[in-house]
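Notes to accompany the following structure.
By convention in this document, chain letters (A, B, ...) are assigned in the order of the sequence lines, proteins followed by strands, and residues within each chain are numbered from 1. Keep in mind it's a predicted model, so treat the numbers as computed, not measured.
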Number of protein chains: 2
Amino acid sequence: MRIVVARCVVDYTGKLTAHLPEAVRVIMIKSDGSVLVHADGGSYKPLNWMSPPCTLRVEGDGGSQAPQTWVVTNKAGEALQIHILRIEHDDTHDLGVDPGLIKDGVEAHLQALLADQIESLGAGWTLVRREYPTAIGPVDIMARDQRGEFVAIEIKRRGEIDGVEQLTRYLELLNRDSTIAPVRGVFAAQEIKPQARVLASDRDIECRVLDYDALRGMDDPTARLF
Amino acid sequence: MRIVVARCVVDYTGKLTAHLPEAVRVIMIKSDGSVLVHADGGSYKPLNWMSPPCTLRVEGDGGSQAPQTWVVTNKAGEALQIHILRIEHDDTHDLGVDPGLIKDGVEAHLQALLADQIESLGAGWTLVRREYPTAIGPVDIMARDQRGEFVAIEIKRRGEIDGVEQLTRYLELLNRDSTIAPVRGVFAAQEIKPQARVLASDRDIECRVLDYDALRGMDDPTARLF
DNA sequence: CCGTAAATGTCGTCG
DNA sequence: CGACGACGTTTACGG
(Lines give C-alpha, C1' and ligand atoms only; values in the text may rest on other atoms or scores of the structure.)
Protein backbone atom coordinates (compact mmCIF):
# COMPACT_ATOMS: atom_id res chain seq x y z
CA MET A 1 0.00 0.00 0.00
CA ARG A 2 1.15 3.47 -0.93
CA ILE A 3 0.33 6.33 1.41
CA VAL A 4 0.65 9.87 0.12
CA VAL A 5 0.00 13.12 1.94
CA ALA A 6 -0.38 15.90 -0.60
CA ARG A 7 -2.02 19.19 -1.44
CA CYS A 8 -4.46 18.26 -4.17
CA VAL A 9 -7.62 18.97 -6.16
CA VAL A 10 -9.86 15.98 -6.89
CA ASP A 11 -12.66 15.36 -9.39
CA TYR A 12 -14.87 12.33 -9.81
CA THR A 13 -17.14 11.65 -12.76
CA GLY A 14 -19.21 8.51 -12.90
CA LYS A 15 -22.43 7.72 -11.05
CA LEU A 16 -22.34 11.40 -10.16
CA THR A 17 -20.02 14.36 -10.50
CA ALA A 18 -18.03 15.50 -7.47
CA HIS A 19 -15.34 18.09 -6.93
CA LEU A 20 -12.90 18.68 -4.09
CA PRO A 21 -11.21 22.11 -3.88
CA GLU A 22 -7.54 22.46 -3.11
CA ALA A 23 -6.44 21.17 0.31
CA VAL A 24 -3.98 18.79 1.95
CA ARG A 25 -5.35 15.26 2.12
CA VAL A 26 -4.27 11.65 2.66
CA ILE A 27 -4.34 9.46 -0.44
CA MET A 28 -4.22 5.69 0.01
CA ILE A 29 -3.44 3.54 -3.00
CA LYS A 30 -4.08 -0.11 -2.29
CA SER A 31 -2.29 -2.90 -4.09
CA ASP A 32 -5.46 -3.82 -5.97
CA GLY A 33 -5.35 -0.34 -7.56
CA SER A 34 -8.18 1.16 -5.51
CA VAL A 35 -7.73 4.69 -4.25
CA LEU A 36 -9.11 6.51 -1.19
CA VAL A 37 -8.91 10.24 -0.54
CA HIS A 38 -9.31 11.04 3.16
CA ALA A 39 -9.64 14.28 5.08
CA ASP A 40 -8.77 14.66 8.74
CA GLY A 41 -12.32 14.20 9.94
CA GLY A 42 -15.66 12.86 8.92
CA SER A 43 -16.10 9.18 9.52
CA TYR A 44 -14.59 6.22 7.79
CA LYS A 45 -16.01 7.14 4.42
CA PRO A 46 -13.46 8.85 2.18
CA LEU A 47 -14.22 12.19 0.53
CA ASN A 48 -13.62 10.52 -2.82
CA TRP A 49 -12.57 7.08 -3.90
CA MET A 50 -12.40 4.51 -6.66
CA SER A 51 -13.25 0.89 -5.96
CA PRO A 52 -11.37 -2.03 -7.50
CA PRO A 53 -10.93 -3.18 -10.13
CA CYS A 54 -9.44 -0.01 -11.55
CA THR A 55 -6.20 1.31 -12.98
CA LEU A 56 -4.05 4.31 -12.12
CA ARG A 57 -2.24 6.35 -14.76
CA VAL A 58 0.09 9.32 -14.14
CA GLU A 59 -0.20 12.34 -16.45
CA GLY A 60 2.09 15.33 -16.91
CA ASP A 61 4.87 14.13 -14.71
CA GLY A 62 7.53 16.82 -15.03
CA GLY A 63 9.66 15.51 -12.20
CA SER A 64 9.15 13.86 -8.87
CA GLN A 65 7.89 17.01 -7.13
CA ALA A 66 6.32 18.79 -10.10
CA PRO A 67 2.54 19.15 -10.45
CA GLN A 68 1.05 16.02 -11.93
CA THR A 69 -2.35 14.37 -12.31
CA TRP A 70 -3.28 10.86 -11.32
CA VAL A 71 -6.17 9.43 -13.29
CA VAL A 72 -7.92 6.36 -11.92
CA THR A 73 -10.40 4.70 -14.25
CA ASN A 74 -12.50 1.56 -14.36
CA LYS A 75 -14.34 -0.47 -16.95
CA ALA A 76 -17.64 1.30 -16.28
CA GLY A 77 -16.17 4.59 -17.49
CA GLU A 78 -15.95 6.19 -14.07
CA ALA A 79 -12.90 8.36 -13.50
CA LEU A 80 -11.17 9.88 -10.50
CA GLN A 81 -8.72 12.68 -11.27
CA ILE A 82 -6.30 13.72 -8.55
CA HIS A 83 -4.32 16.86 -9.33
CA ILE A 84 -1.23 16.71 -7.13
CA LEU A 85 0.12 20.17 -6.29
CA ARG A 86 2.67 19.35 -3.60
CA ILE A 87 3.65 16.06 -1.99
CA GLU A 88 4.31 16.22 1.75
CA HIS A 89 4.78 12.51 2.30
CA ASP A 90 5.01 9.44 0.10
CA ASP A 91 5.69 5.97 1.38
CA THR A 92 4.93 2.39 0.33
CA HIS A 93 4.46 -0.56 2.70
CA ASP A 94 4.07 -4.26 2.05
CA LEU A 95 1.21 -5.40 4.27
CA GLY A 96 0.76 -8.90 2.89
CA VAL A 97 -2.63 -10.59 2.68
CA ASP A 98 -4.91 -9.86 5.61
CA PRO A 99 -6.24 -12.92 7.47
CA GLY A 100 -9.63 -11.24 7.61
CA LEU A 101 -12.33 -10.41 10.10
CA ILE A 102 -14.14 -12.74 12.48
CA LYS A 103 -17.63 -11.56 13.43
CA ASP A 104 -20.22 -12.60 15.96
CA GLY A 105 -23.54 -11.26 17.05
CA VAL A 106 -25.35 -10.40 13.86
CA GLU A 107 -28.80 -11.41 12.72
CA ALA A 108 -27.69 -14.90 11.70
CA HIS A 109 -26.60 -15.59 15.26
CA LEU A 110 -29.81 -14.22 16.71
CA GLN A 111 -31.70 -16.50 14.34
CA ALA A 112 -29.69 -19.56 15.40
CA LEU A 113 -30.15 -18.80 19.09
CA LEU A 114 -33.88 -18.20 18.73
CA ALA A 115 -34.34 -21.35 16.66
CA ASP A 116 -32.63 -23.34 19.42
CA GLN A 117 -34.81 -21.70 22.06
CA ILE A 118 -38.08 -21.36 20.20
CA GLU A 119 -40.02 -21.97 23.41
CA SER A 120 -38.79 -18.60 24.67
CA LEU A 121 -41.48 -17.16 22.37
CA GLY A 122 -44.20 -19.33 23.83
CA ALA A 123 -44.64 -22.54 25.80
CA GLY A 124 -45.20 -25.53 23.56
CA TRP A 125 -43.93 -23.80 20.43
CA THR A 126 -41.97 -26.00 18.04
CA LEU A 127 -39.51 -25.19 15.26
CA VAL A 128 -40.59 -26.06 11.73
CA ARG A 129 -37.43 -24.77 10.09
CA ARG A 130 -35.07 -21.84 9.72
CA GLU A 131 -34.98 -20.02 6.37
CA TYR A 132 -38.38 -21.42 5.42
CA PRO A 133 -38.55 -20.97 1.64
CA THR A 134 -41.25 -19.01 -0.17
CA ALA A 135 -41.50 -17.73 -3.73
CA ILE A 136 -40.46 -14.24 -2.63
CA GLY A 137 -37.65 -15.26 -0.29
CA PRO A 138 -37.04 -17.22 2.90
CA VAL A 139 -38.90 -16.61 6.15
CA ASP A 140 -36.32 -16.36 8.96
CA ILE A 141 -38.05 -18.91 11.19
CA MET A 142 -41.25 -20.90 10.71
CA ALA A 143 -42.69 -22.35 13.91
CA ARG A 144 -45.95 -23.77 15.26
CA ASP A 145 -47.62 -22.61 18.44
CA GLN A 146 -49.04 -24.77 21.21
CA ARG A 147 -52.18 -25.35 19.13
CA GLY A 148 -50.18 -26.37 16.08
CA GLU A 149 -50.89 -23.19 14.11
CA PHE A 150 -48.12 -21.77 11.98
CA VAL A 151 -46.17 -18.70 12.99
CA ALA A 152 -43.80 -16.85 10.63
CA ILE A 153 -41.05 -15.06 12.54
CA GLU A 154 -39.04 -12.21 11.09
CA ILE A 155 -35.84 -11.39 12.97
CA LYS A 156 -33.96 -8.09 12.90
CA ARG A 157 -31.33 -6.53 15.08
CA ARG A 158 -33.15 -3.23 14.79
CA GLY A 159 -36.83 -3.50 13.97
CA GLU A 160 -37.93 -0.79 11.55
CA ILE A 161 -40.76 -0.29 9.13
CA ASP A 162 -39.21 -2.16 6.23
CA GLY A 163 -38.95 -5.28 8.37
CA VAL A 164 -42.68 -5.17 9.06
CA GLU A 165 -43.32 -4.69 5.34
CA GLN A 166 -41.16 -7.71 4.58
CA LEU A 167 -43.03 -9.91 7.06
CA THR A 168 -46.36 -8.62 5.74
CA ARG A 169 -45.46 -9.74 2.23
CA TYR A 170 -44.52 -13.20 3.50
CA LEU A 171 -47.74 -13.53 5.50
CA GLU A 172 -49.86 -12.46 2.57
CA LEU A 173 -48.28 -15.16 0.43
CA LEU A 174 -48.23 -17.87 3.10
CA ASN A 175 -51.91 -17.38 3.91
CA ARG A 176 -52.84 -18.15 0.32
CA ASP A 177 -51.56 -21.69 0.96
CA SER A 178 -54.54 -23.54 2.44
CA THR A 179 -52.33 -26.37 3.71
CA ILE A 180 -50.69 -24.10 6.29
CA ALA A 181 -53.10 -21.16 6.72
CA PRO A 182 -53.78 -19.44 9.01
CA VAL A 183 -50.22 -18.21 9.49
CA ARG A 184 -49.67 -15.37 11.93
CA GLY A 185 -46.61 -13.18 12.24
CA VAL A 186 -44.11 -12.37 14.96
CA PHE A 187 -41.66 -9.49 14.52
CA ALA A 188 -38.66 -10.16 16.77
CA ALA A 189 -35.79 -7.72 17.24
CA GLN A 190 -33.33 -6.49 19.85
CA GLU A 191 -34.92 -3.07 19.47
CA ILE A 192 -38.20 -2.10 17.81
CA LYS A 193 -38.79 1.44 16.62
CA PRO A 194 -42.13 3.04 17.60
CA GLN A 195 -43.28 3.48 14.01
CA ALA A 196 -42.55 -0.17 13.25
CA ARG A 197 -44.51 -1.16 16.34
CA VAL A 198 -47.51 0.88 15.21
CA LEU A 199 -47.46 -0.60 11.72
CA ALA A 200 -47.11 -4.13 13.10
CA SER A 201 -50.01 -3.59 15.48
CA ASP A 202 -52.13 -2.33 12.60
CA ARG A 203 -51.47 -5.59 10.76
CA ASP A 204 -51.98 -7.89 13.75
CA ILE A 205 -48.30 -8.74 13.88
CA GLU A 206 -46.95 -9.42 17.33
CA CYS A 207 -43.76 -7.62 18.39
CA ARG A 208 -41.19 -9.32 20.59
CA VAL A 209 -38.05 -7.69 21.92
CA LEU A 210 -35.13 -10.10 22.05
CA ASP A 211 -32.54 -10.05 24.83
CA TYR A 212 -29.38 -11.12 23.06
CA ASP A 213 -27.35 -11.62 26.22
CA ALA A 214 -30.10 -13.70 27.80
CA LEU A 215 -30.39 -15.87 24.68
CA ARG A 216 -26.62 -16.36 24.68
CA GLY A 217 -26.67 -17.17 28.39
CA MET A 218 -29.22 -19.92 27.84
CA ASP A 219 -27.34 -21.23 24.84
CA ASP A 220 -25.05 -24.24 24.83
CA PRO A 221 -21.64 -22.67 25.52
CA THR A 222 -19.86 -25.29 23.37
CA ALA A 223 -21.61 -23.74 20.39
CA ARG A 224 -19.59 -20.51 20.69
CA LEU A 225 -18.31 -19.27 17.40
CA PHE A 226 -15.06 -18.18 18.99
CA MET B 1 -3.87 13.09 11.32
CA ARG B 2 -1.60 10.33 12.58
CA ILE B 3 -0.79 7.49 10.24
CA VAL B 4 0.69 4.31 11.70
CA VAL B 5 1.73 1.15 9.90
CA ALA B 6 2.05 -1.65 12.45
CA ARG B 7 1.75 -5.35 13.07
CA CYS B 8 -1.32 -5.60 15.27
CA VAL B 9 -4.24 -7.59 16.66
CA VAL B 10 -7.58 -5.79 16.84
CA ASP B 11 -10.77 -6.49 18.79
CA TYR B 12 -14.07 -4.65 18.68
CA THR B 13 -16.90 -5.06 21.15
CA GLY B 14 -20.09 -3.06 20.80
CA LYS B 15 -22.97 -3.62 18.42
CA LEU B 16 -21.22 -6.91 17.67
CA THR B 17 -17.99 -8.66 18.50
CA ALA B 18 -15.21 -8.74 15.92
CA HIS B 19 -11.63 -9.97 15.98
CA LEU B 20 -8.70 -9.36 13.64
CA PRO B 21 -5.78 -11.82 13.85
CA GLU B 22 -2.20 -10.62 13.79
CA ALA B 23 -1.12 -8.85 10.60
CA VAL B 24 0.45 -5.64 9.36
CA ARG B 25 -2.18 -2.93 8.80
CA VAL B 26 -2.54 0.81 8.35
CA ILE B 27 -4.05 2.67 11.29
CA MET B 28 -5.39 6.19 10.75
CA ILE B 29 -6.08 8.36 13.76
CA LYS B 30 -7.99 11.47 12.80
CA SER B 31 -7.84 14.67 14.79
CA ASP B 32 -11.39 14.17 16.05
CA GLY B 33 -10.20 10.97 17.74
CA SER B 34 -11.77 8.57 15.27
CA VAL B 35 -9.72 5.55 14.23
CA LEU B 36 -9.67 3.46 11.04
CA VAL B 37 -7.88 0.13 10.59
CA HIS B 38 -7.23 -0.61 6.91
CA ALA B 39 -5.87 -3.64 5.10
CA ASP B 40 -4.27 -3.50 1.67
CA GLY B 41 -7.44 -4.45 -0.15
CA GLY B 42 -11.15 -4.48 0.17
CA SER B 43 -12.93 -1.28 -0.65
CA TYR B 44 -13.10 1.98 1.25
CA LYS B 45 -14.60 0.39 4.33
CA PRO B 46 -12.02 -0.26 7.03
CA LEU B 47 -11.67 -3.70 8.62
CA ASN B 48 -12.44 -2.08 11.95
CA TRP B 49 -13.03 1.47 13.08
CA MET B 50 -14.42 3.77 15.74
CA SER B 51 -16.51 6.76 14.77
CA PRO B 52 -16.30 10.11 16.53
CA PRO B 53 -16.87 11.21 19.18
CA CYS B 54 -14.52 8.83 20.94
CA THR B 55 -11.34 8.86 23.00
CA LEU B 56 -8.05 6.99 22.65
CA ARG B 57 -6.08 5.75 25.66
CA VAL B 58 -2.69 3.98 25.58
CA GLU B 59 -2.16 1.02 27.89
CA GLY B 60 1.02 -0.82 28.91
CA ASP B 61 3.44 1.42 27.16
CA GLY B 62 6.83 -0.02 28.05
CA GLY B 63 8.77 2.13 25.64
CA SER B 64 8.31 3.59 22.20
CA GLN B 65 8.73 0.26 20.39
CA ALA B 66 7.46 -2.11 23.09
CA PRO B 67 4.13 -3.93 22.77
CA GLN B 68 1.29 -1.69 23.81
CA THR B 69 -2.49 -1.54 23.51
CA TRP B 70 -4.56 1.36 22.23
CA VAL B 71 -8.09 1.42 23.58
CA VAL B 72 -10.65 3.59 21.79
CA THR B 73 -13.98 4.00 23.55
CA ASN B 74 -17.17 6.02 23.14
CA LYS B 75 -20.12 7.01 25.31
CA ALA B 76 -22.23 4.10 24.10
CA GLY B 77 -19.81 1.62 25.68
CA GLU B 78 -18.32 0.41 22.43
CA ALA B 79 -14.60 -0.34 22.50
CA LEU B 80 -11.89 -0.89 19.92
CA GLN B 81 -8.70 -2.49 21.23
CA ILE B 82 -5.62 -2.35 19.06
CA HIS B 83 -2.72 -4.46 20.29
CA ILE B 84 0.40 -2.99 18.72
CA LEU B 85 3.14 -5.59 18.27
CA ARG B 86 5.60 -3.73 16.08
CA ILE B 87 5.47 -0.26 14.56
CA GLU B 88 6.82 0.02 11.01
CA HIS B 89 5.86 3.62 10.44
CA ASP B 90 4.43 6.43 12.53
CA ASP B 91 3.89 9.95 11.23
CA THR B 92 1.60 12.88 11.99
CA HIS B 93 0.44 15.47 9.47
CA ASP B 94 -1.52 18.67 9.88
CA LEU B 95 -4.12 18.69 7.11
CA GLY B 96 -6.19 21.66 8.24
CA VAL B 97 -9.94 21.86 7.75
CA ASP B 98 -11.16 20.39 4.48
CA PRO B 99 -13.25 22.72 2.28
CA GLY B 100 -15.61 19.83 1.60
CA LEU B 101 -17.20 18.04 -1.31
CA ILE B 102 -19.37 19.46 -4.08
CA LYS B 103 -21.79 16.91 -5.58
CA ASP B 104 -24.07 16.77 -8.58
CA GLY B 105 -26.14 14.12 -10.27
CA VAL B 106 -27.93 12.28 -7.51
CA GLU B 107 -31.64 11.71 -7.09
CA ALA B 108 -32.27 15.41 -6.45
CA HIS B 109 -30.96 16.19 -9.90
CA LEU B 110 -33.04 13.48 -11.56
CA GLN B 111 -36.05 14.93 -9.77
CA ALA B 112 -35.30 18.47 -11.01
CA LEU B 113 -34.82 17.29 -14.58
CA LEU B 114 -38.00 15.22 -14.58
CA ALA B 115 -40.02 18.04 -13.02
CA ASP B 116 -38.86 20.33 -15.83
CA GLN B 117 -39.75 17.74 -18.44
CA ILE B 118 -42.85 16.19 -16.92
CA GLU B 119 -44.34 15.70 -20.36
CA SER B 120 -41.69 13.07 -21.01
CA LEU B 121 -43.90 10.83 -18.84
CA GLY B 122 -47.00 11.55 -20.86
CA ALA B 123 -48.41 14.10 -23.29
CA GLY B 124 -50.46 16.75 -21.55
CA TRP B 125 -49.09 15.97 -18.09
CA THR B 126 -48.56 18.97 -15.83
CA LEU B 127 -46.44 19.46 -12.73
CA VAL B 128 -48.30 20.09 -9.47
CA ARG B 129 -45.16 20.38 -7.34
CA ARG B 130 -41.91 18.72 -6.32
CA GLU B 131 -41.61 17.39 -2.77
CA TYR B 132 -45.39 17.31 -2.40
CA PRO B 133 -45.93 17.12 1.37
CA THR B 134 -47.85 14.37 3.13
CA ALA B 135 -48.10 13.40 6.79
CA ILE B 136 -45.59 10.58 6.31
CA GLY B 137 -43.11 12.45 4.16
CA PRO B 138 -42.85 14.25 0.83
CA VAL B 139 -43.79 12.67 -2.50
CA ASP B 140 -40.95 13.30 -4.97
CA ILE B 141 -43.19 14.72 -7.69
CA MET B 142 -46.95 15.24 -7.85
CA ALA B 143 -48.38 15.69 -11.34
CA ARG B 144 -51.67 15.51 -13.20
CA ASP B 145 -52.24 13.51 -16.35
CA GLN B 146 -53.95 14.65 -19.55
CA ARG B 147 -57.34 14.04 -17.90
CA GLY B 148 -56.40 16.05 -14.83
CA GLU B 149 -56.07 13.04 -12.52
CA PHE B 150 -53.31 13.08 -9.94
CA VAL B 151 -50.17 11.01 -10.31
CA ALA B 152 -47.65 10.50 -7.48
CA ILE B 153 -44.15 9.88 -8.82
CA GLU B 154 -41.42 8.24 -6.78
CA ILE B 155 -37.91 8.66 -8.18
CA LYS B 156 -34.91 6.48 -7.48
CA ARG B 157 -31.55 6.00 -9.09
CA ARG B 158 -31.96 2.26 -8.60
CA GLY B 159 -35.52 1.04 -8.23
CA GLU B 160 -35.83 -1.71 -5.62
CA ILE B 161 -38.57 -3.15 -3.47
CA ASP B 162 -38.33 -0.63 -0.67
CA GLY B 163 -38.97 2.18 -3.14
CA VAL B 164 -42.20 0.51 -4.23
CA GLU B 165 -43.18 0.10 -0.57
CA GLN B 166 -42.49 3.77 0.01
CA LEU B 167 -44.68 4.82 -2.92
CA THR B 168 -47.40 2.38 -1.80
CA ARG B 169 -47.54 4.03 1.62
CA TYR B 170 -47.88 7.44 0.00
CA LEU B 171 -50.62 6.28 -2.38
CA GLU B 172 -52.58 4.65 0.42
CA LEU B 173 -52.54 7.93 2.33
CA LEU B 174 -53.18 10.18 -0.66
CA ASN B 175 -56.17 8.17 -1.80
CA ARG B 176 -57.91 8.76 1.53
CA ASP B 177 -58.05 12.44 0.55
CA SER B 178 -61.25 12.76 -1.50
CA THR B 179 -60.18 16.15 -2.86
CA ILE B 180 -57.42 14.57 -4.94
CA ALA B 181 -58.36 10.88 -5.20
CA PRO B 182 -57.93 8.86 -7.28
CA VAL B 183 -54.16 9.16 -7.20
CA ARG B 184 -52.16 6.62 -9.17
CA GLY B 185 -48.47 5.90 -8.87
CA VAL B 186 -45.47 5.99 -11.17
CA PHE B 187 -42.20 4.42 -10.08
CA ALA B 188 -39.41 6.10 -12.06
CA ALA B 189 -35.77 5.04 -11.89
CA GLN B 190 -32.66 4.77 -14.02
CA GLU B 191 -32.80 1.04 -13.39
CA ILE B 192 -35.63 -1.09 -12.00
CA LYS B 193 -34.97 -4.49 -10.44
CA PRO B 194 -37.20 -7.40 -11.51
CA GLN B 195 -38.64 -7.98 -8.04
CA ALA B 196 -39.49 -4.31 -7.70
CA ARG B 197 -41.20 -4.46 -11.09
CA VAL B 198 -43.26 -7.47 -10.05
CA LEU B 199 -44.34 -5.82 -6.80
CA ALA B 200 -45.20 -2.57 -8.57
CA SER B 201 -47.25 -4.42 -11.17
CA ASP B 202 -49.13 -6.24 -8.42
CA ARG B 203 -50.08 -2.88 -6.96
CA ASP B 204 -50.99 -1.23 -10.25
CA ILE B 205 -47.98 1.06 -10.07
CA GLU B 206 -46.50 1.97 -13.42
CA CYS B 207 -42.74 1.56 -13.86
CA ARG B 208 -40.77 4.00 -15.98
CA VAL B 209 -37.07 3.72 -16.75
CA LEU B 210 -35.36 7.12 -16.88
CA ASP B 211 -32.54 7.93 -19.27
CA TYR B 212 -30.40 10.36 -17.30
CA ASP B 213 -28.27 11.42 -20.24
CA ALA B 214 -31.33 12.02 -22.42
CA LEU B 215 -32.98 14.10 -19.70
CA ARG B 216 -29.77 16.10 -19.33
CA GLY B 217 -29.53 16.52 -23.07
CA MET B 218 -33.02 18.00 -23.25
CA ASP B 219 -32.35 20.21 -20.27
CA ASP B 220 -31.50 23.90 -20.41
CA PRO B 221 -27.71 23.88 -20.32
CA THR B 222 -27.59 27.21 -18.44
CA ALA B 223 -29.19 25.43 -15.48
CA ARG B 224 -26.01 23.43 -14.76
CA LEU B 225 -25.13 23.27 -11.09
CA PHE B 226 -21.43 23.73 -11.81
C1' DC C 1 -32.28 14.85 19.46
C1' DC C 2 -35.33 11.44 16.86
C1' DG C 3 -36.96 9.57 12.53
C1' DT C 4 -36.82 8.88 7.69
C1' DA C 5 -34.75 8.42 3.28
C1' DA C 6 -30.46 8.32 0.27
C1' DA C 7 -25.91 6.32 -0.80
C1' DT C 8 -20.52 6.66 -6.16
C1' DG C 9 -23.41 2.92 -0.42
C1' DT C 10 -20.36 -1.87 0.60
C1' DC C 11 -20.56 -6.70 1.62
C1' DG C 12 -22.10 -11.35 1.91
C1' DT C 13 -24.87 -15.24 0.06
C1' DC C 14 -27.23 -17.80 -3.02
C1' DG C 15 -29.36 -18.82 -7.40
C1' DC D 1 -22.40 -12.86 -12.82
C1' DG D 2 -26.78 -10.78 -11.07
C1' DA D 3 -30.29 -10.35 -7.58
C1' DC D 4 -31.31 -9.62 -2.88
C1' DG D 5 -30.97 -8.40 1.91
C1' DA D 6 -27.98 -7.00 5.96
C1' DC D 7 -24.93 -3.56 7.65
C1' DG D 8 -21.19 -1.85 14.01
C1' DT D 9 -24.39 0.55 7.77
C1' DT D 10 -22.98 6.15 7.40
C1' DT D 11 -24.81 10.45 6.13
C1' DA D 12 -27.89 14.19 5.17
C1' DC D 13 -32.21 16.43 6.08
C1' DG D 14 -36.59 17.78 8.72
C1' DG D 15 -39.45 18.19 12.68
- Task: Write down the distance separating the P atoms in dC11(C) and dT11(D), rounded off to the nearest Å.
- Result: 15 Å

- Query: Expressed in whole Å, how much space separates the C1' atoms belonging to dG8(D) and dC14(C)?
  - Reply: 24 Å

Roughly, in whole Å, what's the span from [atom1] in [X] to [atom2] in [N]?
X	N	atom1	atom2	answer
Glu131(B)	dT4(C)	CD	P	17 Å
Asp32(B)	dT11(D)	CG	P	10 Å
Lys193(B)	dC1(D)	NZ	C1'	12 Å
Gln190(A)	dC7(D)	CD	C1'	13 Å
Asp140(B)	dC13(D)	CG	C1'	14 Å
Arg169(B)	dT4(C)	CZ	P	9 Å
Glu160(B)	dC7(D)	CD	P	16 Å
Leu16(A)	dT11(D)	CG	C1'	14 Å

Under 4.0 Å, counting only non-hydrogen atoms across every strand here, what does [X] touch: a base, just sugar-phosphate, or nothing?
X	result
Met50(A)	nothing
Glu154(B)	sugar-phosphate
Asp162(B)	nothing

Any side-chain heavy atom of [X] sitting closer than 4.5 Å to one from [Y]?
X	Y	value
Glu165(A)	Leu199(A)	yes
Glu206(A)	Val151(A)	no
Leu171(A)	Ile205(A)	yes
Ile155(B)	Leu210(B)	yes

- Item | Any strand: nucleotide that pairs with dG8(D) via Watson-Crick or wobble, under 3.5 Å | none

- Query: Are Arg176(B) and Glu172(B) within salt-bridge range, i.e. N to O under 4.0 Å?
  - Reply: yes

- Would you please say whether a donor-acceptor pair under 3.5 Å links the side chains of Glu59(A) and Gln81(A)? no

- Message: Is there a side-chain contact between Lys103(A) and the phosphate of dG8(D), meaning an N or O under 4.0 Å from OP1 or OP2?
- Response: yes

- Can you check whether Gln195(A) has a side-chain N or O nearer than 4.0 Å to OP1 or OP2 of dT4(C)? yes

- Taking dT8(C), dG5(D), dG3(C) as options, the one with an atom nearest any side-chain atom of Ile161(B) is dG5(D)

- Task: Tell me which nucleotide among dT4(C), dT8(C), dG5(D) gets nearest to the side chain of Ala18(A).
- Result: dT8(C)

- Message: Between Pro138(B) and Pro46(A), which residue's closest nucleotide on DNA chain C lies nearer the 5′ terminus?
- Response: Pro138(B)

- Task: Between protein and nucleotides 9-15 of chain C, map the contacts as a letter string: B base, S sugar-phosphate only, - none, heavy atoms under 4.0 Å, written 5' to 3'.
- Result: SSS----

- Message: Quick check: closest heavy atoms across Tyr170(B) and Gly137(B), and the distance to 0.1 Å?
- Response: CE2-O, 3.5 Å

Side-chain donor-acceptor contacts of residues 21-31 of chain A below 3.5 Å, not counting sequence neighbours, with atom names and distances?
unit_1   : atom_1 : unit_2   : atom_2 : d
Glu22(A) : OE2    : Arg7(A)  : NH1    : 3.2
Arg25(A) : NE     : Asp98(B) : OD2    : 2.6
Arg25(A) : NH1    : Cys8(A)  : O      : 3.2
Arg25(A) : NH1    : Pro21(A) : O      : 3.0
Arg25(A) : NH2    : Pro21(A) : O      : 2.7
Arg25(A) : NH2    : Asp98(B) : OD1    : 3.2
Arg25(A) : NH2    : Asp98(B) : OD2    : 3.3
Lys30(A) : NZ     : His38(B) : ND1    : 3.1
Lys30(A) : NZ     : Ala39(B) : O      : 3.1
Lys30(A) : NZ     : Gly41(B) : O      : 2.8
Lys30(A) : NZ     : Ser43(B) : O      : 3.2
Ser31(A) : OG     : Asp40(B) : O      : 3.4
Ser31(A) : OG     : Asp40(B) : OD1    : 3.3
Ser31(A) : OG     : Asp40(B) : OD2    : 3.1

